[in-house]
Amino acid sequence: MTQQEQNQPKVVRINWSYQGTSDFVVGTGAAAGEKILGYSAGFFAFFFYSALYLFGNLGWDLWQYLLAIFLAFDVMGGVVANSLNSCKRFYHTAPKPDESWLVRFLKNPHLFSAIHIHTLIVGVLFANFDWFFALFWYLLLLIATEIVLLTPLYLQRPVAMLFILAALLINIYLIPPVAGFEWLAPALFLKIVYGHVVREEPYRPLVSVLSEE
């Protein structure tokens, strides 16, 4: 192989079509590897808070640990799942005529971002009604979503990364995080502002590409 051939970009197949039962977690038609990555990230939340329950010293009641597992399953799993090609394909295509109202609701990025009230829940139930924490992060998430959506497509990813960087710095230096949820705000921005909002081309695994030819 010549140097010129080595420098040529690899040929890939971008495929926006999908079929099957609606899958809101890893995207309809997800490949096996995508399913493993998406669900494994979610189940990590169970082990994470189980370890904190056994060895940590947060002073939470059992119901708080259970709620924390639920919130972490959604956000930690979503950080990985929303970056999957299967999720990009599912959430960045128009709803099909036979898909339910719930699919149409969740494919709307404005509404999808708005239902992520995790910081409101944490601020109220884990931080003694800290409304400043709760509302600041929730409103910033909504504002970041709208700004990225209004940004030209070729700049959406770097603008999303700028907001993620800002969230990291604010979380570390300006607004003290809630104990046990130090990861929450940056992870939410990774899941929503980059993972869900930014449109990226969805690739198929090589086996699927060959089977379609």
Trace of the side chain to side chain contact (heavy atoms under 4.5 Å, CB included) decision for L58 with Y53 = CA-CA 8 Å; L58 293 174; Y53 177 73; over 6 Å; no

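- Closest heavy-atom contact between V178 and A127: CG2-CB, 3.7 Å.
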Stepwise side chain to side chain contact (heavy atoms under 4.5 Å, CB included) test for E34 and V26 = CA-CA 7 Å; E34 292 172 318; V26 293; 5.6 Å; no

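- Between the side chain of E146 and the backbone N or O of A144, no donor-acceptor pair lies under 3.5 Å.
- Taking a 6.0 Å sphere around CZ of F112, one finds it holds more than 12 heavy atoms contributed by other residues, nucleotides or ligands.
- Looking at L174 and L169, their side chains never come closer than 4.5 Å, going by heavy atoms from C-beta outward.
- Here the side chains of I164 and M161 are in contact, with some heavy-atom distance below 4.5 Å.
- Taking CG of L150 as the reference point, atom CD of Q156 lies at 9.5 Å (rounded to 0.5 Å).
- Remark: R89 CZ to I14 CD1 distance equals 10.5 Å, nearest 0.5 Å.
- Taking CG of L62 as the start and CG of L66 as the end, the distance is 4.5 Å to the nearest 0.5 Å.
- Residues satisfying the salt bridge (charged side-chain N to carboxylate O under 4.0 Å, His left out) test with K107, not counting sequence neighbours, are E99.
- With contacts defined as side-chain heavy-atom distances shorter than 4.5 Å, the pair W60/L67 does not qualify.
- L37 is not connected to F24 by any chain of hydrophobic side-chain contacts under 4.5 Å among Ile, Leu, Val, Met, Phe, Trp and Tyr, and they are in different clusters.
- Residues V198 and K88 are in side-chain contact: their nearest non-hydrogen atoms beyond the backbone lie under 4.5 Å apart.
- In terms of modelled atom types and a separation under 3.5 Å, the side chain of R104 and the main chain of A94 share no donor-acceptor contact.
- When all heavy atoms are compared, the tightest approach of A45 to I69 is CB-O, 4.0 Å.
- A donor and an acceptor atom, one from each side chain of Y194 and E200, are located under 3.5 Å apart.
- Between the side chain of N82 and the backbone N or O of C87, no donor-acceptor pair lies under 3.5 Å.
- Annotation: W101, atom CH2; neighbour count of heavy atoms from other residues, nucleotides and ligands within 6.0 Å does not exceed 12.
- With sequence neighbours excluded, no residue satisfies salt bridge (charged side-chain N to carboxylate O under 4.0 Å, His left out) with D23.
- Ring-plane geometry between F181 and W183 is classed as tilted, the angle between the planes lying from 30 to 60 degrees on a 0 to 90 degree scale.
- For A72 against Y49, the heavy-atom pair with the smallest separation is CB-CE1, 3.5 Å.
- Here the side chain of T145 pairs a donor or acceptor atom with the backbone of L141 at under 3.5 angstrom.
- For the pair D61 (side chain) and W63 (backbone), a donor-acceptor distance under 3.5 Å is absent.
- Grouping the Ile, Leu, Val, Met, Phe, Trp and Tyr side chains by contacts below 4.5 angstrom, directly or via other members, places F105 with F90.
- Checked against F73 for a ring pair (Phe, Tyr, Trp, His ring centres under 6.0 Å), the options Y39, F44, F43 give a single hit: F43.
- Other residues, nucleotides and ligands contribute at most 12 non-hydrogen atoms within 6.0 Å of the CG atom of N57.
- Residues I192 and I147 are members of one and the same hydrophobic cluster, defined by side-chain heavy-atom contacts under 4.5 angstrom among Ile, Leu, Val, Met, Phe, Trp and Tyr.
- Remark: Y138 OH to L142 CG distance equals 4.5 Å, nearest 0.5 Å.
- Of the inter-residue distances, the one linking S40 atom OG with M76 atom CE reads 14.0 Å to the nearest 0.5 angstrom.
- Classified by interplanar angle (parallel below 30°, tilted 30° to 60°, perpendicular above 60°), the ring pair H92/H196 is tilted.
- Between V75 and A187, the shortest heavy-atom distance links the atoms CG1-CB, 3.7 Å.
- With contacts defined as side-chain heavy-atom distances shorter than 4.5 Å, the pair D74/F70 does not qualify.
- Using cut-offs of 30° and 60° on the angle between ring planes, the pair W137 and F189 is perpendicular.
- The backbone N or O of L125 lies less than 3.5 Å from a partner atom in the side chain of Q64, making a donor-acceptor pair.
- Using a 4.5 Å cut-off between side-chain heavy atoms of Ile, Leu, Val, Met, Phe, Trp and Tyr, with links allowed through other members, Y91 and V80 fall into different hydrophobic clusters.
- In terms of heavy-atom proximity, G20 sits nearest to T28 at O-CG2, 3.6 Å.
- A distance of 12.5 Å separates OH of Y203 from CG of N15, quoted to the nearest 0.5 Å.
- Linking Ile, Leu, Val, Met, Phe, Trp and Tyr whenever their side-chain heavy atoms come within less than 4.5 Å puts F132 and L139 in one cluster.
- Residues K96 and V103 are not in side-chain contact: their nearest non-hydrogen atoms beyond the backbone lie 4.5 Å or more apart.
- The shortest distance between side-chain heavy atoms of L184 and L71 does not fall below 4.5 Å.
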